[in-house]
Amino acid sequence: MPATSKTLILTAAGVVVLGGGGYLGAQAVVGNEVEKALTQSFAQLDDSLSWYARDVTIDKSLFKTTVTATIGMEGVENANAQVNLLVDHGVIKSPITGTIHPNEQFVTGDIDVDLVATRSSINGQLTANSLSTVEADSTLHDLVVDLNREDLNAWNVEGQAREIVVNNESDSVRIISPRATMHTQGDESRVMQQHLVIPRAEFLAQGVSVYMEDIELEAESESVDGTPIVNSGASFKVADLGTDDTSIGSISLEMTANNWDVQAFQTLQEAYTPLEAMRLEYEESGERGDEQEERELLTQAIESGYNVLIANPSIAFQPLEAHVVLPMMGIDFKPRLTADISFDGADLSKPALYSALWDEDLPLPEPLQASDDVMSEADALTYLANRVSLDVSLTTPPDLVIGMIPMPFAGLVDPTSDEQHVVWKDGQLTVNGQPVM
């Protein structure tokens with residue numbers, strides 16, 4: 001064989017070996033990046049306030065990675081799902097397919113996953129033909145969710161469904177073509193924007209048919225410098241609502257909520273829900289449940305509630321406006337309400353909160369046993385009420401509506417004024433400038 005032929009063969013073999021080795025090396029690098037991205041994604045989900053990720057298993061080979069995990073909503077029993085994913089390693093793009101199988105005690109139906117991941121993004125869809133809840137007779141039809149992650153801390157989510165139907169014994173709800181979008185961005189100062197549009201919703205309750213058209217909700221929230229404190233704002237409107245296809249008006253609302261410790265509020269909800277279930281069972285059966293568990297839940301609720309209050313939370317409606325039309329009653333009314341509600345949490349006494357909320361049938365908790373700042377329940381409630389500030393203004397209703405207000409409240413209304421003004425501050429209630437209590 002001529003030397004040139006041997007050289008060509010050896011060169012070709014070398015190209016094949018080097019090319020194959022480079023390809024296999026690239027696959028290994030992709031596998032490492034996939035594993036890293038998956039680990040970060042599940043960790044980020046687990047660090048969120050409302051969700052958790054558990055039992056995460058990532059099995060990486062040269063050409064593919066399989067993933068199993070359990071994800072769920074914090075504080076909601078059985079609200080979890082099994083995630084099963086397959087990632088095919090690609091040098092440029094890696095297809096991700098699989099299913100999300102909800103806990104069948106909560107929801108029936110599967111969600112199909114069809115995504116494509118690169119080094120810097122994830123794009124694709126989640127789809128489901130139907131999802132039905134177990135405890136309530138409700139079904140979501142033809143769900144499509146478009147996902148786009150621009151980087152680790154920026155997500156765009158757009159979801160829509162053909163309809164959501166809820167049926168009870170005598171009531172029903174039908175939500176037609178709901179569409180929702182969500183955008184999140186940032187790490188320490190996290191911004192979330194949400195938008196919900198519902199073209200039409202229909203309700204049937206006790207034989208009365210009610211409809212709403214062009215429902216729209218927009219909300220934005222931002223965390224404060226990496227803390228769990230969140231400031232948020234929202235707007236809500238219903239362009240038309242009525243009964244039996246007869247319009248009775250519309251409604252719109254602008255709202256802000258500042259200085260809310262969302263992590264503490266989440267913890268409060270997680271304790272309050274099972275605590276109320278235990279108390280309801282006690283009222284029905286007359287037999288008290290696990291006293292130690294009740295003490296722990298009540299302590300958790302009060303401690304987290306204290307953290308919510310010391311952040312000085314506030315909420316404001318600026319404004320709530322409506323148009324009420326009732327031709328048969330001669331009413332064509334455009335009420336407008338503004339309200340500012342806030343709590344002064346500076347130097348808040350924790351024993352006072354325990355004194356106000358602790359169940360007297362349970363042994364005193366340690367914060368009360370060790371404190372000299374113990375109050376009676378009545379004094380503690382007064383102490384807390386004096387830290388609440390309320391300022392409400394409302395358009396004066398028509399005489400027919402005023403006539404429906406029971407005494408002595410009707411006597412506080414000034415029918416000669418265009419607006420009624422109610423203020424609660426430092427334990428003093430005033431109505432239209434006149435002290436009441």
For [X] versus [Y], what's the shortest heavy-atom pair and its separation?
X: Met73; Y: Tyr52; answer: O-CE2, 3.7 Å
X: Pro102; Y: Ile100; answer: CD-O, 3.3 Å
X: Trp424; Y: Ala385; answer: NE1-O, 3.0 Å
X: Pro228; Y: Asp261; answer: CB-OD1, 3.5 Å
X: Val431; Y: Leu412; answer: CG1-O, 3.6 Å
X: Pro319; Y: Thr338; answer: CB-CG2, 3.7 Å

Does atom [atom1] ([X]) have a neighbourhood of more than 12 heavy atoms from anything else shown, all under 6.0 Å?
X: Gln292; atom1: CD; result: yes
X: Tyr306; atom1: OH; result: yes
X: Asp361; atom1: CG; result: yes
X: Phe203; atom1: CZ; result: yes
X: Asn386; atom1: CG; result: yes

Are [X] and [Y] close enough that some pair of their side-chain heavy atoms sits under 4.5 Å apart?
X: Pro363; Y: Glu291; result: yes
X: Asp240; Y: Tyr211; result: yes
X: Val210; Y: Leu241; result: no
X: Val230; Y: Met192; result: no
X: Ile122; Y: Leu147; result: no
X: Phe106; Y: Val134; result: no
X: Glu222; Y: Val191; result: yes
X: Val67; Y: Val83; result: no

How long is the gap from [atom1] on [X] to [atom2] on [Y], to the nearest 0.5 Å?
X: Leu381; Y: Leu353; atom1: CG; atom2: CG; value: 10.0 Å
X: His195; Y: Glu158; atom1: NE2; atom2: CD; value: 11.0 Å
X: Leu86; Y: Lys64; atom1: CG; atom2: NZ; value: 6.0 Å
X: Glu218; Y: Thr181; atom1: CD; atom2: OG1; value: 8.0 Å
X: Thr133; Y: Asn78; atom1: OG1; atom2: CG; value: 12.5 Å
X: Asn148; Y: Asn156; atom1: CG; atom2: CG; value: 5.0 Å

Name the one of Ile111, Leu126, Thr127 that satisfies side chain to side chain contact (heavy atoms under 4.5 Å, CB included) with Val145? Leu126
Please check this pair: side chain of [X] against backbone of [Y], looking for a donor-acceptor N/O pair closer than 3.5 Å.
X: Asp244; Y: Thr246; answer: no
X: Thr273; Y: Glu270; answer: no
X: Arg174; Y: Leu204; answer: no
X: Thr396; Y: Glu419; answer: yes
X: Asn432; Y: His421; answer: yes
X: Thr395; Y: Arg336; answer: yes
X: Trp260; Y: Ala311; answer: no
X: Thr108; Y: Glu104; answer: no
X: Arg179; Y: Gln160; answer: no

Check the pair Thr299 / Tyr354 against side-chain contact (heavy atoms from CB on, under 4.5 Å), numbers first and verdict last. CA-CA 8 Å; Thr299 299; Tyr354 270 93; 3.4 Å; yes
I'd like to know whether Ile248 forms a side-chain contact (heavy atoms from CB on, under 4.5 Å) with Val324, so could you lay out the CA-CA distance, the side-chain angles of the two residues, the decisive distance to 0.1 Å, and finally the verdict. CA-CA 6 Å; Ile248 60 173; Val324 182; 5.8 Å; no
Does the side chain of [X] pick up a donor-acceptor pair with the side chain of [Y] at under 3.5 Å?
X: Asp340; Y: Gln318; answer: yes
X: Glu296; Y: Gln300; answer: no
X: Thr70; Y: Gln82; answer: yes

Going through the distances and angles, do Leu429 and Val422 end up as a side-chain contact (heavy atoms from CB on, under 4.5 Å)? CA-CA 7 Å; Leu429 177 65; Val422 179; 3.8 Å; yes
Taking it one step at a time, do Asn80 and Arg54 satisfy side-chain contact (heavy atoms from CB on, under 4.5 Å)? CA-CA 10 Å; Asn80 55 60; Arg54 298 172 183 164; over 6 Å; no
Arg200 and Asp245 ion-paired at < 4.0 Å: yes
